[in-house]
Asker: 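If you scroll down you'll find the structure; I have some questions about it.
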Amino acid sequence: MTSLPGGASAERSHVEESRRAKRDAIEALGILPFAYRFERSHTALEALALYDDRMGEDGPLVAVAGRIAALRSQGKTGFAHLEDSSGRIQVYFRRDALGALWELVQLLDLDDHVGVSGRLFRTRTGEVTVRAEAVTLLAKSLRPLPRGKTQVAEDGVQTFGGLADPEVRYRQRYADLAVHPEVREVFRLRARAIAWLRAFLDARGYLEVETPILQPLYGGAAARPFVTHHNALDMPLYLRIADELYLKRLLVGGLERVYEIGHDFRNEGMDRTHNPEFTMLELYEAYSDYEGMMQLCEEMVGGVVEACCGSRRIERDGTTLDFTAPWPRVRFVEGIRERAGVDVRTADEADLRRLLVRRGVSADEAATFAGGKLQDEMFKAFLEPELVQPTFLVDYPVALSPLAKRHRDDATLTERFELFVGGKELVNAFSELNDPDEQRRRFEDQAQQRAAGNEEAQLYDADYIRALEYGMPPAGGLGMGIDRLLMVITGLPSIRDVILFPAMRPES
RNA sequence: GGGGGCGUAGCUCAGCUGGUAGAGCAAGGGACUUUUAAUCCCUAGGUCGUGGGUUCGAGUCCCACCGCCCUCACCA
């Protein structure tokens, strides 16, 4: 990093120096390098659609605005491509048509924001173009964007070279977005998906709510929290790791269908599928159960995939993911038993560890697994990699699910499912435990695990128990990782590709 | 945190077994009134991630550190 923002001139590149010199020259012409406003008549795409070849050299008058994405000076004329959020349009500058403004055109750089008005025509080479009659500088770019050369082809814009370093792309997302229209498209798609989910739930009578992000007790998931401090109350507060316990309090209060879309914060490792803050959709529906949630899931996830990808069958990594309902269900205990030959609820723990070691887990590690953790490791080793097609993994052991209702037919299990797509967990849902005394016992069990060193065991939440004592209707609830959903929808390999500003170590 | 890889001009990259840096694009000057990866001529631009070490000599070899990527672990 030789040139830092606002650094001394000695630290700036010659490119930046030259742009600042042009900025000064523009000011000397009495022109503002950073304008206040521009009334554009059409976006690039709208303007292009306006032209008809019968109009010849004198098409309609348009005023377009955008960033200069290509600039070709040619003596007393020049061509530029303006890029706005709709696309690109070419602009043709002529000295004899611009008069005094020609001086300004000479001082334009790639990446400047400009507004151009003029008539549309088609060039010899066939491109619909604005013949500039007036040019307004809207914002001088003092730092060149890391863009490559581009070629406008019939099937889109082809780039040669350009910003490729993933570090710069994530740290300077503004630059990444500015030079990569396809990245802008990812985040449009993200917004479309979230809007679709809201519309879907609103149409089903769900109420969108907001619950605390700063919580005196964190719960609803197993994870280490971020801790902060409230000065006025002089007490620690935790950034939520889940919305669950607050949303279920609302069921007690008579809000029968609620959902929340917001960030959860988990103080854990970061990798391709984990960012410390991520977007979660949680929803709860009174008088439903996990069966109801599976149906809802098929409609909702299948629907959003279809809305974003145009089909419920999408091609990912050479396989077709088929979101057409119904989706297969695999029972947690039976699924493992079919592959490992043991019942994880009743098998001797030493035998389970031996199976894990035979499966490739290191002996030292396996020795540390016990209880619910051991069962989960068995799942990861024997079952998870097979869950590529949308699949419900159902009926988890009780030890793994302290907030889920016991299975109606088998007291060792809970009515819980997770949806897996591409081998990754996308949704977690259950029939919500609404017996306050059993919930109390589950919390006490978690407290014991905590005392035994499990940092992620859930905290005893007395206020939540009090709420349940008032009576919570039976309900189904569901949580879905929005970022991971977007990874499925876009086919992008890293959660950082679908989060605008992913967490990064600080620079310098 | 373990293992592997990478870090050279604004951007994309070369740089063989050590002999103190190259290209294309971008930039500056010039030519060019329908070009589109415009073209042609000329010019400038780099403490090779940081700090040590080995060596007569380090972009290159060694060590440490910083950052990123991949992978494993953690994340039910």
Side-chain angles (χ1 to χ4, degrees), chain A residues 1-3 12-19 21-22 57 69-81 88 90-98 102 109-111 121-127 129 131 143-153 157-171 175 179 221-224 241 266-276 278 332 360-362 364-365 368 371-377 379-380 384 393 396-397 399-404 416 418 425 428 446 449 454-458 493-494 496 504-508:
Chain A
M1 302 292 126
T2 52
S3 59
R12 290 196 194 111
S13 71
H14 59 287
V15 182
E16 291 165 67
E17 287 300 343
S18 123
R19 290 185 173 212
K22 287 184 189 170
E57 289 286 298
L71 192 56
R72 295 177 293 280
S73 162
Q74 214 179 308
K76 298 179 188 65
T77 66
F79 289 90
H81 272 97
R88 296 179 163 221
Q90 183 169 254
V91 175
Y92 178 45
F93 300 110
R94 291 173 66 99
R95 188 168 77 169
D96 56 11
L98 285 164
W102 180 250
D109 283 304
L110 214 52
D111 308 324
F121 74 109
R122 190 182 290 279
T123 64
R124 258 181 224 162
T125 47
E127 183 164 355
T129 299
R131 192 189 310 101
R143 177 186 293 268
L145 281 168
R147 58 164 88 242
K149 279 193 92 87
T150 53
Q151 179 181 27
V152 183
V157 177
Q158 199 184 350
T159 305
F160 303 85
L163 179 57
D165 183 346
E167 179 175 355
V168 177
R169 291 189 48 213
Y170 298 142
R171 284 195 194 281
V179 303
R224 281 144 66 197
I241 59 173
R266 297 185 184 176
N267 206 340
E268 311 275 4
M270 295 154 59
D271 63 26
R272 205 173 55 242
T273 57
H274 296 84
N275 197 64
F278 58 99
F332 188 97
V361 178
S362 86
D364 290 347
E365 257 193 275
T368 67
K373 173 75 186 159
L374 185 57
Q375 296 174 342
D376 193 48
E377 288 298 326
F379 158 68
K380 283 186 182 171
E384 187 175 37
L393 185 68
Y396 281 60
L400 282 170
S401 315
L403 300 166
R416 171 186 175 188
E418 290 193 345
E425 174 195 347
N428 182 25
Q446 291 285 308
Q449 287 191 34
N454 180 356
E455 266 190 273
E456 286 164 356
Q458 305 219 10
S494 171
R496 290 181 156 176
M504 299 285 280
R505 277 200 176 77
E507 282 180 89
S508 76

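First the proteins, then the strands, lettered A, B, ... as listed; each starts at 1.
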Asker: When the P atoms of C42(B) and C61(B) are compared, how many Å lie between them, rounded to an integer?
Answerer: 36 Å
Asker: With sugar-phosphate meaning primed atoms plus P, OP1 and OP2, does A70(A) contact a base, only sugar-phosphate, or nothing at under 4.0 Å between heavy atoms?
Answerer: nothing
Asker: Which value, in whole Å, describes the distance between the P atoms of nucleotides C40(B) and C6(B)?
Answerer: 36 Å
Asker: Counting only side-chain N and O atoms of R124(A), is one of them less than 4.0 Å from OP1 or OP2 of U35(B)?
Answerer: yes
Asker: What's the verdict on side chain to side chain donor-acceptor pair (under 3.5 Å) for Y396(A) and E418(A), showing C-alpha distance, side-chain angles and the deciding distance?
Answerer: CA-CA 9 Å; Y396(A) 281 60; E418(A) 290 193 345; 3.1 Å; yes
Asker: Under a 4.5 Å cut-off applied to non-hydrogen side-chain atoms, are Q449(A) and Q446(A) in contact?
Answerer: yes
Asker: Determine the contact category for G162(A): base if any of its heavy atoms lies under 4.0 Å from a base atom, sugar-phosphate if only primed atoms, P, OP1 or OP2 are that close, otherwise nothing.
Answerer: sugar-phosphate
Asker: Quick one: does D111(A)'s side chain get under 4.5 Å of R147(A)'s, heavy atoms only?
Answerer: yes
Asker: Y170(A) has a side chain; which of U34(B), C69(B), G28(B) sits nearest to it?
Answerer: C69(B)
Asker: For S18(A) and T273(A), take the nucleotide of RNA chain B holding the closest heavy atom to each; which residue's nucleotide lies nearer the 5' end?
Answerer: S18(A)
Asker: Side chain of E377(A): nearest nucleotide among C74(B), G67(B), C69(B)?
Answerer: C74(B)
Asker: Is there a donor on the side chain of Q74(A) or the base of U33(B) sitting less than 3.5 Å from an acceptor on the other?
Answerer: no
Asker: Calculate the interatomic distance between D111(A) atom CG and C11(B) atom P; express it in whole Å.
Answerer: 13 Å
Asker: Can you check whether any acceptor in the base of U34(B) is under 3.5 Å from a donor in the side chain of T77(A), or vice versa?
Answerer: no
Asker: Whole-Å distance between A73(B) P and E384(A) CD?
Answerer: 10 Å
Asker: Suppose we define a pair by two distances each less than 3.5 Å, Watson-Crick or G-U wobble; what does G57(B) pair with here?
Answerer: none
Asker: Please report the distance separating the C1' of U43(B) from the corresponding atom of G51(B), rounded so that it comes out in whole Å.
Answerer: 36 Å
Asker: H14(A) has a side chain; which of A27(B), U34(B), U71(B) sits nearest to it?
Answerer: A27(B)
Asker: K149(A) side chain N/O closer than 4.0 Å to the phosphate oxygens (OP1, OP2) of A38(B)?
Answerer: yes
Asker: I need the Q74(A) CD to Y92(A) OH distance, nearest 0.5 Å.
Answerer: 7.5 Å
Asker: If the cut-off is 4.0 Å, is R266(A) near the phosphate of C74(B), judged by side-chain N/O to OP1 or OP2?
Answerer: no
Asker: Could you check whether any side-chain N or O of R131(A) sits under 3.5 Å from a backbone N or O of A97(A), counting only pairs where one atom can act as donor and the other as acceptor?
Answerer: no
Asker: If you check the P146(A) side chain, which of U33(B), G67(B), C11(B) turns out closest?
Answerer: C11(B)
Asker: Could you check which nucleotide pairs with U39(B) in any of the strands shown, counting Watson-Crick or G-U wobble with both distances under 3.5 Å?
Answerer: A31(B)
Asker: Separation of E268(A) atom CD from G1(B) atom C1', in whole Å?
Answerer: 14 Å
Asker: Let's test this: given Watson-Crick or G-U wobble pairing with both distances under 3.5 Å, identify the partner of G67(B).
Answerer: C6(B)
Asker: P atom, G5(B) versus U20(B): distance in rounded Å?
Answerer: 28 Å
Asker: Have a look at R171(A) and say if it touches a base, only the backbone sugar-phosphate, or nothing, with a 4.0 Å heavy-atom cut-off.
Answerer: sugar-phosphate
Asker: Report the distance from atom CD of Q90(A) to atom P of U35(B), rounded to the nearest whole Å.
Answerer: 10 Å
Asker: Any donor-acceptor pair, under 3.5 Å, between the side chain of T125(A) and the base of U34(B), if you only look at N and O atoms?
Answerer: no
Asker: Between R143(A) and G10(B), is there a contact of a side-chain N or O with OP1 or OP2 at under 4.0 Å?
Answerer: no
Asker: Using heavy-atom distances to pick each residue's nearest nucleotide on RNA chain B, tell me which of P402(A) and G75(A) is more 5'.
Answerer: G75(A)
Asker: Any side-chain heavy atom of E127(A) sitting closer than 4.5 Å to one from R88(A)?
Answerer: no
Asker: Does K76(A) place a side-chain N or O at less than 4.0 Å from the phosphate oxygens OP1/OP2 of U33(B)?
Answerer: yes
Asker: Write down the distance separating the C1' atoms in C16(B) and G2(B), rounded off to the nearest Å.
Answerer: 34 Å
Asker: Whole angstroms only, please: what is the CZ-C1' distance between R72(A) and A38(B)?
Answerer: 7 Å
Asker: Answer yes or no: does a side-chain N or O of K22(A) lie under 4.0 Å from OP1 or OP2 of A27(B)?
Answerer: no
Asker: I'd like to know if D271(A) reaches the base of C74(B) with its side chain, counting only an N/O donor and acceptor under 3.5 Å.
Answerer: yes
Asker: Testing the basics here: between I241(A) and R224(A), what is the closest heavy-atom pair and its distance to 0.1 Å?
Answerer: CG2-O, 4.3 Å
Asker: Please determine, for G24(B), whether a Watson-Crick or G-U wobble partner exists with both distances under 3.5 Å, and give it or none.
Answerer: C11(B)
Asker: What is the distance, rounded to the nearest whole Å, between atom CG of N275(A) and atom P of C68(B)?
Answerer: 13 Å
Asker: Less than 4.5 Å apart, side chain to side chain, heavy atoms only: is that true for R169(A) and R496(A)?
Answerer: no
Asker: CZ of R122(A) to CD of Q90(A): how many Å apart, nearest 0.5 Å?
Answerer: 11.5 Å
Asker: Looking at the side chain of V15(A), which of A26(B), C32(B), U12(B) is the nearest nucleotide?
Answerer: A26(B)
Asker: For E167(A) and G67(B), what is the distance between atoms CD and P respectively, to the nearest whole Å?
Answerer: 10 Å
Asker: Once hydrogens and angles are ignored, does a donor-acceptor distance under 3.5 Å link the base of U33(B) to the side chain of R94(A)?
Answerer: yes
Asker: Taking only the side-chain heavy atoms of D109(A) (C-beta and beyond), determine which of G28(B), U34(B), U12(B) contains the nearest atom.
Answerer: G28(B)
Asker: Using a 4.0 Å heavy-atom cut-off across all strands, classify R95(A) as base, sugar-phosphate, or nothing.
Answerer: nothing
Asker: How far does the C1' atom of G67(B) sit from the matching atom of C25(B), given to the nearest Å?
Answerer: 26 Å
Asker: Could you give the distance separating A21(B) and G59(B) at their C1' atoms, to the nearest angstrom?
Answerer: 8 Å
Asker: Using atom P of each nucleotide, how far apart are G30(B) and C70(B) to the nearest Å?
Answerer: 47 Å
Asker: Rounded to whole angstrom units, what separation is found between the NE2 atom of H81(A) and the C1' atom of U35(B)?
Answerer: 9 Å
